[in-house]
Amino acid sequence: MKIMPNRLDRGFVQYQEEFENKAIEVLRSGWYVLGKEVSSFEQEFADYTGAKHCVGLGNGLDALWIAFRVLGIGKDDEVIVQGNTYIASVMGITINGATPVFVEPNIYRNIDVDKIEEKITEKTKAILVVHLYGQCSEMSTIMAIAKKHNLRVVEDCAQSHGAMENGKQCGTFGDIGCFSFYPSKNLGAFGDGGAITTNDDDLAKKVKIFRNYGSEERYYNMVVGTNSRLDEIQAGFLRVRLPHLGEVTKERHNICTRYLNELKNENIVLPEVCDGVTTVWHQFVIRVKNRQALIDYLNEREIVTIIHYPIPPHLAEAYKYLNIPKGSLPITEKYADEVLSLPLYNGMTEEELDYVINMINNWEVK
């Protein structure tokens, strides 16, 4: 059998009739941009997260750069962010002309809260917290640091829909939470989509204006905005999936619990979950020193894996201008050389899971 790292079709089939009915409903409505599906989803997702406001956007990257834009963070400003994130997180900072200041991750692969304060300067204006792989960061500590230094906090929740610290959902701690609804996300659409959550009335209003050409009233443009609107059909699909997100998360938790309990190979390092926080298991990421050997071994047995992420942002060609040499972030770079995401998707069968576990347990380093 061939096992892919992700199977989006399985998630569709689970709720196929609901999705198809919603598609017909939206198509027949005759209203396809900023209609009742978007406004209803915004309210429902705000209620789900516990945020006061949700504003639907075109994608997760737009959520990030718009967040910093409405916060007024740009040229000559610095934003602290973990080094081992996906490059889109950093783009949210640099699109606005601000400078990312990288902090090493901890053993949980999220930002090391003990290393944040040493990076704060008079130019620091915000902390971008990335809840990587679905695990909520240590937000209580981060918020205390931000309050102490009068810093804004933006949360990148692209991989962490529903993750919590002490019962409070990510995306509701900081000034703004940024979400992606890319199809592979736990709460995924069938195309691009994103959103911002906030408890600040003024910020929510600014985002709504900015996403629609800077206009609150048609043809009256208050600022130079952009076109970043969650479309009606994707909002409709998200409304179908959102009530099932608890089931989706539980299924992923069950799969990953089996991985944690049954993977017994001394050559791999299993992921850990920090006390007081929860993970929604967007990815199950192991670490292995002989990574390519394991990839090749699994490929021969038709088990496909993914590396999230092989090149840390500070070493990407796009950010050569930052002049951060290799070796500057040794933990980040070590993780980039060792992380490997195992197959994980809703609808994964017991037979498929058994096969992956058995093959990895039988792998020997030669």
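For the single chain, residues carry numbers from 1 onward in sequence order.
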> How about Ile95 and Leu61: do any of their side-chain heavy atoms sit closer than 4.5 Å?
Replying inline: yes

> Are a donor atom and an acceptor atom from the side chains of Asn227 and Tyr213 found within less than 3.5 Å of each other?
Replying inline: yes

> Is it the case that one hydrophobic cluster holds both Val339 and Val356, taking links as side-chain heavy atoms less than 4.5 Å apart, direct or via other members?
Replying inline: yes

> Is the shortest side-chain N to carboxylate O distance from Arg239 to Glu25 below 4.0 Å?
Replying inline: no

>> Is there a path of hydrophobic side-chain contacts, each under 4.5 Å between heavy atoms of I/L/V/M/F/W/Y residues, joining Phe179 to Leu71?
In response: no

> So, are Asp76 and Lys123 salt-bridged, with charged N and O less than 4.0 Å apart?
Replying inline: no

> When rounded to the nearest 0.5 angstrom, what is the spacing between CG in Asp114 and CD1 in Ile145?
Replying inline: 8.0 Å

>> So, taking the atom named CG in Leu329 and the one named NE2 in His314, what distance separates them when rounded to the nearest 0.5 Å?
In response: 4.5 Å

>> Within the structure provided, determine whether Cys274 and Glu138 are in side-chain contact (heavy-atom separation under 4.5 Å).
In response: yes

> Does a salt bridge link Glu165 with Lys168, judged by any charged N lying under 4.0 Å from a carboxylate O?
Replying inline: no

> Yes or no on ring-ring contact (aromatic ring centres under 6.0 Å, His included) for Phe181 and Phe45, after CA distance, side-chain angles and deciding distance?
Replying inline: CA-CA 12 Å; Phe181 303 122; Phe45 192 65; 5.5 Å; yes

> Is it true that atom OH of Tyr220 has more than 12 heavy atoms of other residues, nucleotides or ligands lying nearer than 6.0 Å?
Replying inline: no

> In terms of side-chain geometry, is the basic nitrogen of Lys326 or Glu333 positioned less than 4.0 Å from the acidic oxygen of its partner?
Replying inline: no

> Counting only heavy atoms not in Tyr15, do more than 12 sit closer than 6.0 Å to its OH atom?
Replying inline: yes

> More than 12 foreign heavy atoms under 6.0 Å from OH of Tyr133: is that the case here?
Replying inline: yes

> Looking at Trp31 and Leu34, what are the two nearest heavy atoms and their distance?
Replying inline: NE1-O, 3.4 Å

>> Side-chain heavy atoms nearer than 4.5 Å, only ILVMFWY residues, links allowed to pass through others: does that put Ile255 and Met4 together?
In response: no

> Does the side-chain contact (heavy atoms from CB on, under 4.5 Å) test come out yes or no for Asp200 and Asp175, once each step is laid out?
Replying inline: CA-CA 7 Å; Asp200 187 305; Asp175 297 279; 5.8 Å; no

> Should the heavy atoms of other residues, nucleotides or ligands under 6.0 Å from CG of Asp296 be counted, would the total exceed 12?
Replying inline: yes

> Just by distance, with hydrogens left out, do Thr121 and Glu78 show a side-chain donor and acceptor under 3.5 Å apart?
Replying inline: yes

> Taking side chain as C-beta onward, heavy atoms only, is Glu232 less than 4.5 Å from Val38?
Replying inline: yes

> With side chains defined as the heavy atoms from C-beta onward, is the minimum distance between Val79 and Asn96 less than 4.5 Å?
Replying inline: no

>> Are Val207 and Met91 connected into the same hydrophobic cluster when the rule is that any two of I, L, V, M, F, W, Y join if their side-chain heavy atoms are below 4.5 Å apart?
In response: yes

> With a 3.5 Å cut-off and no angle check, do the side chains of His244 and Gln14 form a donor-acceptor pair?
Replying inline: no

> Does any donor atom in the side chain of Asp156 or Ser89 lie under 3.5 Å from an acceptor atom in the other side chain?
Replying inline: yes

> Would you call Lys206-Asp202 a salt bridge at under 4.0 Å N-O?
Replying inline: yes

> Going through the checks in order, is the side-chain contact (heavy atoms from CB on, under 4.5 Å) test met by Arg241 and Phe190?
Replying inline: CA-CA 11 Å; Arg241 204 184 292 273; Phe190 290 80; 3.3 Å; yes

>> Using side-chain heavy atoms (C-beta onward) and a distance below 4.5 Å, is Ser137 in contact with Val277?
In response: no

> Strictly by modelled atom types, are Thr279 and Tyr108 linked by a side-chain donor-acceptor pair under 3.5 Å?
Replying inline: no

> Okay, side chain of Tyr32, backbone of Leu27: is any donor-acceptor separation there less than 3.5 Å?
Replying inline: yes

> If you round to the nearest 0.5 Å, how far is NE2 of His131 from CD of Glu155?
Replying inline: 4.0 Å

> Would Val154 and Arg152 satisfy side-chain contact (heavy atoms from CB on, under 4.5 Å), going step by step from the backbone distance to the final call?
Replying inline: CA-CA 7 Å; Val154 176; Arg152 295 286 203 169; 5.5 Å; no

>> With a 4.5 Å cut-off on side-chain heavy atoms, are Pro312 and Tyr335 touching?
In response: no

>> I need the single residue from Asn110, Ile111, Thr332, Asp112 that forms a side-chain contact (heavy atoms from CB on, under 4.5 Å) with Pro105. Which is it?
In response: Thr332

